[in-house]
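Each remark here refers to the structure printed beneath this line.
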Amino acid sequence: MKKKVSVIGAGNVGASLAQMIVQSGIADVALFDIADGVPEGKALDLSEACPLWGSSSSIVGTNDYAHTADSDVIVITAGFPRKPGMSRDDLLNANAKVVSEVTEKTSKVSPNAVIIVVTNPMDVMAQVSLKVSGFDSFRVMGMGGILDSARFRTFVAWELNVSPEDVEALVLGGHGDLMVPMPRFTTVKGVSITELISKERIDALVERTRHGGAEIVALLKTGSAYYAPAAATYQMVKAILFDEKRMLPCAAYLNGEYGANGIYTGVPVMLGSGGVEKIVELNLNEQEKADFEKSVSAVKSLVEKLNL
Ligand code: APR
């Protein structure tokens, strides 16, 4: 039997992710949304593409949580995206309500699933989902670091005129304006970019990465990025379904690691069928530590606003 992934929210991110999963054939998909007809229509369209893709995945579009039952992975993309001028944090209250509702409904019918939260402000929404689901924290995580690192990789690749595939990057901290791109841990085939790019240019690439999401919002005007967010989530889904033990930056619940307690933030983890199977602690220098702490404090102050 195929594995099952429920994608909650059939908007831009959810539908793009559903396409990647179905096209690659790695799992069956339940695509859920409250909008009438939209998940059904997109699922039917994707089903009709399967013969062309040579995929035997099945996809159902639905307004009924019963169809999400017994999922291996639940991905939460439901909620509202940013408009120009908005930060991810401006979505706090509206999206907390949505994430709380969809977590409650989905976790009840898929008690053994791993939950990946994409809805912004993501680190805080992961905490909402943890609380409402009552799952162990290693089974609830957020998607942010892989996307932010992919943006950093792209900008570094353009700067050096090399393939983005040969660039590895690391971005830690909350998935917000205070995220912490880590040049020291960003390499081209093993060579740190601190040896390849001037400090001034690295600073510019770091700044562009921090505002990578806003740059796209400003261009699109009616919503936020979705191809790269979906691709980043796909990488997490695949690592979990196939127990790949990938080392990826994800929002994980910290219990003393990096000196933080009881809070979600982006750190390198090992992702496998158990979810976050390990949190990898790096030796940060004083500046990196200070930047990381600032980013964690920003997440904390949002969590406090919600009185979780
Ligand atoms: N239950 C289920 N679906 C819901 C609910 C709910 N209570 N409320 C809203 N939705 C659905 C909407 O109907 C819509 O189809 O969530 C979907 C969101 O899709 P888009 O508006 O296209 O937003 P998208 O770009 O996919 O972003 C979704 O991911 O990256 C983050 O910041 C982004 O928080 C946003 C989320």
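In each ligand, atom 1 is the first atom listed, and ligand 1 is the first ligand listed. Here the structure is a predicted model, which is why all the values come from computation and not from measurement. Hydrogens, waters and symmetry mates are skipped; everything else that's a heavy atom, side chains included, is used.
Side-chain contact check for Asp33 versus Leu31: every heavy-atom pair is 4.5 Å or farther apart.
For the pair Tyr226 and ligand 1, no heavy-atom separation below 4.0 Å is found. At a 4.0 Å cut-off, at least one heavy atom of Gly79 sits close enough to ligand 1 to count as contact.
Residue contacts with ligand 1: Val13 is placed with a nitrogen or oxygen under 3.5 Å of a nitrogen or oxygen of the ligand (distance criterion only). Among the atoms of Asn120, some N or O lies under 3.5 angstrom from an N or O of ligand 1. Some N or O of Asn12 is nearer than 3.5 Å to an N or O of ligand 1, by distance alone.
Counting the atoms of ligand 1 from 1 in the order shown, those under 4.0 Å from a heavy atom of Glu101 are 7 (N). The contact set between ligand 1 and Thr77, taken as ligand atoms under 4.0 Å from a residue heavy atom, comprises 28 (C), 36 (C). Residue Asn95 approaches ligand 1 through these ligand atoms, each under 4.0 Å from one of its heavy atoms: 34 (O). Every atom of ligand 1 with a heavy atom of Phe32 under 4.0 Å away is listed here by number and element: 2 (C). Taking every heavy atom of Phe80 and a limit of under 4.0 angstrom, the matching atoms of ligand 1 come to 34 (O), 35 (C). Proximity to Val102 (heavy-atom distance under 4.0 Å) selects the following atoms of ligand 1: 1 (N). When each atom of ligand 1 is checked for a heavy atom of Val98 under 4.0 Å away, the hits are 5 (C), 6 (C), 7 (N), 8 (N).
Qualifying salt bridge (Lys or Arg N to Asp or Glu O under 4.0 Å) partners for Lys278, counting only residues two or more places apart in sequence or in other chains: none.
The shortest contact between atom 21 (O) of ligand 1 and any protein heavy atom is with Pro81 CD, 3.4 Å. What sits closest to atom 14 (C) of ligand 1 on the protein, heavy atoms only, is Asp33 OD2, 3.4 Å. Of the protein's heavy atoms, Ala78 CB, 3.5 Å lies nearest to atom 3 (N) of ligand 1. In terms of protein heavy atoms, atom 19 (O) of ligand 1 is closest to Gly11 CA, 3.2 Å.
Below 30°, between 30° and 60°, or above 60°: for Phe292 and Tyr258 the angle between ring planes is between 30° and 60°, a tilted geometry.
Taking 4.0 Å as the cut-off between side-chain N and carboxylate O, Glu104 and Lys108 count as a salt-bridged pair. Asp203 and Arg201 are not joined by a salt bridge, as no carboxylate oxygen comes within less than 4.0 angstrom of a charged side-chain nitrogen.
Of the N and O atoms on the side chains of Lys2 and Ser56, at least one donor lies less than 3.5 Å from an acceptor on the other residue. When only modelled atom types and interatomic distance are considered, Ser71 and Ser6 share a side-chain donor-acceptor pair under 3.5 Å. Side-chain N/O atoms of Gln127 and Asp123 include no donor and acceptor closer than 3.5 Å.
The line from CD1 of Ile21 to NZ of Lys3 is 13.5 Å long, rounded to the nearest 0.5 Å.
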(Q) Assess the residue pair Arg151 and Phe155 against the criterion (side chain to side chain contact (heavy atoms under 4.5 Å, CB included)); give the C-alpha distance rounded to whole Å, side-chain angles, the decisive distance to 0.1 Å, and a yes or no. (A) CA-CA 6 Å; Arg151 288 181 172 145; Phe155 303 144; 4.1 Å; yes
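Contacts between Pro229 and ligand 1 below 4.0 angstrom, taking non-hydrogen atoms only, are absent altogether.
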